[in-house]
Amino acid sequence: MDIQDQLKQDIQQAISTLYGTTIDEVTLQPTKKEFEGLYTFVTFPLTKALRKPPHVIGQEIGAWLQENSPVVSVFNAVQGFLNLSIDDAVWLNVLNSILGNPTFGTLPKKDESVMVEFSSPNTNKPLHLGHLRNNFLGDSVSRILEANGYDVVKACLVNDRGIHICKSMLAYQKFSNGETPESAGMKGDHFIGKYYVLFDKAYKAEIEQLVAGGMDKEVAEKKAPLMQEAQEMLRKWEQGDDATVSLWKQMNEWVFAGFDETYRKIGVSFDKTYYESNTYLLGKDVVEEGLEKGVFYRKDDNSVWIDLTSEGLDQKLVLRSDGTSVYMTQDLGTTDIKFQDFGTNRMVWVVGNEQDYHFNVLFAILKRLGRSYAPGCYHLSYGMVDLPSGKMKSREGTVVDADDLIREVTNAASEAAEQAAKSRYDDMSESQRDALFRMIGLGALKYYLLKVDPQKRMMFNPAESVDVHGHTGPFIQYTHTRTKSVEAKAIQNGLLTGELTRIAIPERVQLHELEQQLIYLLSQYPQRIADAGAAYAPSQLAQFAYDLAKTYNQFYAEVSILQEPDVQKAQIRLAISQAVGQTIRKVMSLLGIEVPDKM
RNA sequence: GCAUUCGUAGCUCAAUUGGAUAGAGCACCUGACUACGGAUCAGGAGGUUUGGGGUUCGAAUCCCUACGAGUGCACCA
């Protein structure tokens with residue numbers, strides 16, 4: 001049994017034996033490091049029922065546990081805190097159960113599936129920093145849910161229709177002289193983005209002219225010939241006009257080629273891609289259904305609404321008076337399709353927090369419609385990424401392009417390597433080195449974006465994002481290479497055969513405090529995965545990886561592994577070292593971050 | 001205006017969901033064995049958790065209030 005479960009059971013037993021009562025749930029917390037022990041039980045809540053001071057209760061339960069619990073070795077009670085130390089032999093058994101279990105940390109299959117929708121790019125411009133936070137979050141959450149035992153479907157909904165793409169198309173028609181990404185030597189998505197910017201420029205010039213001629217600005221924005229043409233193009237596209245559709249297809253092909261390249265670089269993939277060009281008409285049948293069920297109502301002008309004031313929301317339009325759909329209509333339809341396609345009772349949307357209201361409304365509607373999957377819907381809402389110079393605004397050109405950023409972090413990793421230990425890379429080929437530096441650079445970037453609580457708005461500081469010291473991805477990657485290096489030396493010395501294997505437990509052991517601490521941390525891994533899954537929070541695992549790496553480095557500095565004369569001790573330390581390395585690799589992979597063996 | 005999220009060291013973030021003297025990293029200062037990899041480790045300095053009130057054994061966390069910041073409030077997506 002898990003130590004923690006054992007302890008909880010024993011504490012419950014102690015309370016019932018000593019006081020003839022029980023408590024609902026025993027909760028344990030890690031002991032603060034200035035006190036002895038690793039688990040702490042808080043006795044304050046018991047004082048009222050037992051009419052005893054908290055430290056007395058602690059003393060009594062502690063003494064009982066020391067006597068009767070198979071795992072507790074020593075205790076101390078300070079105020080209302082009962083701190084428990086665990087027997088070293090028990091720790092070694094825990095270590096052995098970790099070593100003997102290659103899938104340690106992966107939770108049992110749940111026979112339940114979940115769809116995670118993320119990324120959702122627009123086809124009129126390349127990906128930027130904000131998309132990266134979205135992609136990394138979505139990818140990592142998918143991996144975490146999978147480790148929690150779910151079947152995961154990673155889905156991407158591409159916003160490939162609408163006025164924005166017509167703007168790029170129109171600009172291309174007018175200004176391109178038939179150039180292609182190949183002839184321009186550009187990545188397809190950047191190529192399309194260039195025309196989107198060109199449209200915006202020309203459009204603004206038109207507005208300015210109209211305003212100078214005395215027109216009201218708002219009117220000018222609508223009346224500008226370019227906007228009129230773009231609207232016309234959208235109409236043609238919706239009517240299936242051949243020329244328009246084939247231009248649209250051509251431009252899509254280019255932009256997707258660009259996206260694919262970026263996705264490949266950042267190691268993100270999808271099981272299913274939905275295109276709004278296929279789904280934008282969906283949802284009208286849902287509106288019909290809702291009208292029949294009396295969930296929606298029709299106004300005199302024929303528009304359809306839902307009244308959500310009882311949920312603290314507003315009245316919301318779900319179908320226009322001319323019978324065409326709005327965003328909500330489409331989303332209702334798409335959600336049904338997703339459920340039909342995969343039968344996932346849980347669905348997660350990774351979408352920025354500016355859409356909080358939209359999702360509140362969507363989920364409320366799904367609930368009223370009685371959708372079976374409604375309770376399993378979750379909006380993983382994440383905050384915006386700010387720059388030191390302020391907000392990112394695409395119109396003002398203050399966006400950080402994803403491809404540029406990836407290049408920069410890779411270069412920074414290469415520079416850090418130059419400074420740190422140039423000679424280490426002598427026996428690597430150039431392509432090996434490139435791959436390594438990209439792994440480190442991306443590790444830095446992903447970790448930087450994932451370590452922050454998703455819901456919080458965050459500041460992106462370029463200098464910090466490429467840092468390799470301190471609380472960073474490369475620090476953790478480095479720690480992994482340390483464990484690998486120790487392992488390799490141990491194999492050379494004949495101390496190890498290579499595989500992770502159980503160790504013989506000596507009769508008498510005295511573990512170092514940091515050894516206990518490390519095994520304790522390792523034993524927490526499954527729980528951490530469960531917590532991170534329940535909270536949809538990769539940041540929790542990022543913190544865990546850091547704790548593990550930091551503690552290992554302390555251990556490494558304070559305790560000799562290979563130079564320990566006592567072979568049994570050395571083997572215990574090696575086993576811990578291997579288990580830490582292995583676990584770091586696993587945790588990082590749940591963040592979508594690879595770790596090298598050498599760096 | 002209404003709704004909603006947030007405010008923690010100079011800066012960027014934590015705080016096991018109400019627990020002990022609020023912890024890390026960066027930046028700054030001081031140290032580390034002729035060493036298992038120094039992309040490391042040890043130490044120092046840095047806090048009235050935006051202000052005020054309340055709830056209780058106990059509050060960064062819950063409630064009220066003021067101030068400050070973000071976002072949303074289209075028959076756009």
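First the proteins, then the strands, lettered A, B, ... as listed; each starts at 1. This one's a predicted model, so the numbers in the text were calculated from it and none came from an experiment.
- The base of B:A14 does not come close enough to the side chain of A:Ser539 for any donor and acceptor atom to sit less than 3.5 Å apart.
- Residues meeting the ring pair (Phe, Tyr, Trp, His ring centres under 6.0 Å) test with A:Tyr536, sequence neighbours left out: A:Tyr378.
- Taking the side chain of A:Arg320 as heavy atoms from C-beta on, and the options B:C41, B:A77, B:G38, the nearest nucleotide is B:A77.
- Looking only at atom types and distance, the side chain of A:Asn83 has a donor-acceptor partner in the side chain of A:Thr40 under 3.5 Å away.
- For B:U5, the glycosidic angle deviates from 0 by more than 90°, giving an anti base.
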Could you write out each protein N or O paired with an N or O of nucleotides 21-24 of chain B at a distance under 3.5 Å?
{"unit_1": "B:A24", "atom_1": "OP1", "unit_2": "A:Lys33", "atom_2": "NZ", "d": "2.7"}
{"unit_1": "B:A24", "atom_1": "O2'", "unit_2": "A:Tyr546", "atom_2": "OH", "d": "3.0"}

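- Distance, A:Gln527 CD to B:U17 P: 11 Å, rounded to whole Å.
- Comparing B:A39, B:U12, B:A20 by their closest approach to the side chain of A:Thr31 singles out B:A20.
- The side chain of A:Met459 has B:U12 as its nearest neighbour among B:A77, B:U12, B:C73.
- Residue side chain A:Asn83 reaches the base of B:A20 through a donor-acceptor N/O pair under 3.5 Å, judged by distance alone.
- Using a 30° and 60° split on the angle between ring planes, A:Phe475 and A:Tyr546 fall in the tilted class, from 30° to 60°.
- Distances shorter than 4.0 Å separate some side-chain N or O of A:Lys456 from OP1 or OP2 on B:A14.
- Taking A:Glu311 as the reference, A:Arg368 meet the side-chain hydrogen bond (donor to acceptor under 3.5 Å, both in side chains) condition, with sequence neighbours excluded.
- Partners of A:His55 under the ring pair (Phe, Tyr, Trp, His ring centres under 6.0 Å) rule, at least two apart in sequence or in another chain, do not exist in this structure.
- Under the side chain to side chain contact (heavy atoms under 4.5 Å, CB included) criterion, A:Val468 pairs with A:Ala416, A:Pro474, sequence neighbours left out.
- Among residues two or more places apart in sequence or in another chain, the ring pair (Phe, Tyr, Trp, His ring centres under 6.0 Å) test is passed with A:Tyr196 by none.
- Under 4.0 angstrom from either OP1 or OP2 of B:G19 there lies no side-chain N or O belonging to A:Gln29.
- Applying the side chain to side chain contact (heavy atoms under 4.5 Å, CB included) rule to A:Glu60 yields the partners A:Leu18, A:Tyr19, A:Lys52, A:Val56; only residues at least two apart in sequence or on another chain are considered.
- Nearest to the side-chain atoms of A:Met384 among the listed nucleotides B:A14, B:A39, B:U71 stands B:U71.
- Closest to the side chain of A:Arg457, from the set B:A39, B:A42, B:G70, is B:G70.
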Map every base of RNA chain B to its dot-bracket character, where paired means a Watson-Crick or G-U wobble contact with both distances under 3.5 Å and | marks a partner outside the strand.
-> (((((((..((((.....[...)))).(((((.......))))).....(((((..]....))))))))))))....

Donor-acceptor list for residues 572-579 of chain A side chains, cut-off 3.5 Å, not counting sequence neighbours:
{"unit_1": "A:Arg573", "atom_1": "NE", "unit_2": "A:Glu515", "atom_2": "OE2", "d": "3.0"}
{"unit_1": "A:Arg573", "atom_1": "NH1", "unit_2": "A:Ser560", "atom_2": "O", "d": "2.8"}
{"unit_1": "A:Arg573", "atom_1": "NH1", "unit_2": "A:Glu564", "atom_2": "OE1", "d": "3.0"}
{"unit_1": "A:Ser577", "atom_1": "OG", "unit_2": "A:Tyr552", "atom_2": "OH", "d": "2.7"}
{"unit_1": "A:Gln578", "atom_1": "NE2", "unit_2": "A:Glu487", "atom_2": "OE2", "d": "2.7"}
{"unit_1": "A:Gln578", "atom_1": "NE2", "unit_2": "A:Gly498", "atom_2": "O", "d": "3.3"}

Atom pairs under 3.5 Å: protein N/O with N/O of nucleotides 54-57 of chain B:
{"unit_1": "B:C57", "atom_1": "OP1", "unit_2": "A:Lys48", "atom_2": "NZ", "d": "3.3"}

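- Remark: A:Asn360 pairs with no residue by the side-chain hydrogen bond (donor to acceptor under 3.5 Å, both in side chains) rule, at least two apart or across chains.
- Distances were taken from every side-chain heavy atom of A:Met599 (C-beta onward) to each of B:A77, B:A39, B:G72; the shortest belongs to B:A39.
- Remark: A:Phe44 engages A:Phe81 in a ring pair (Phe, Tyr, Trp, His ring centres under 6.0 Å) (not counting sequence neighbours).
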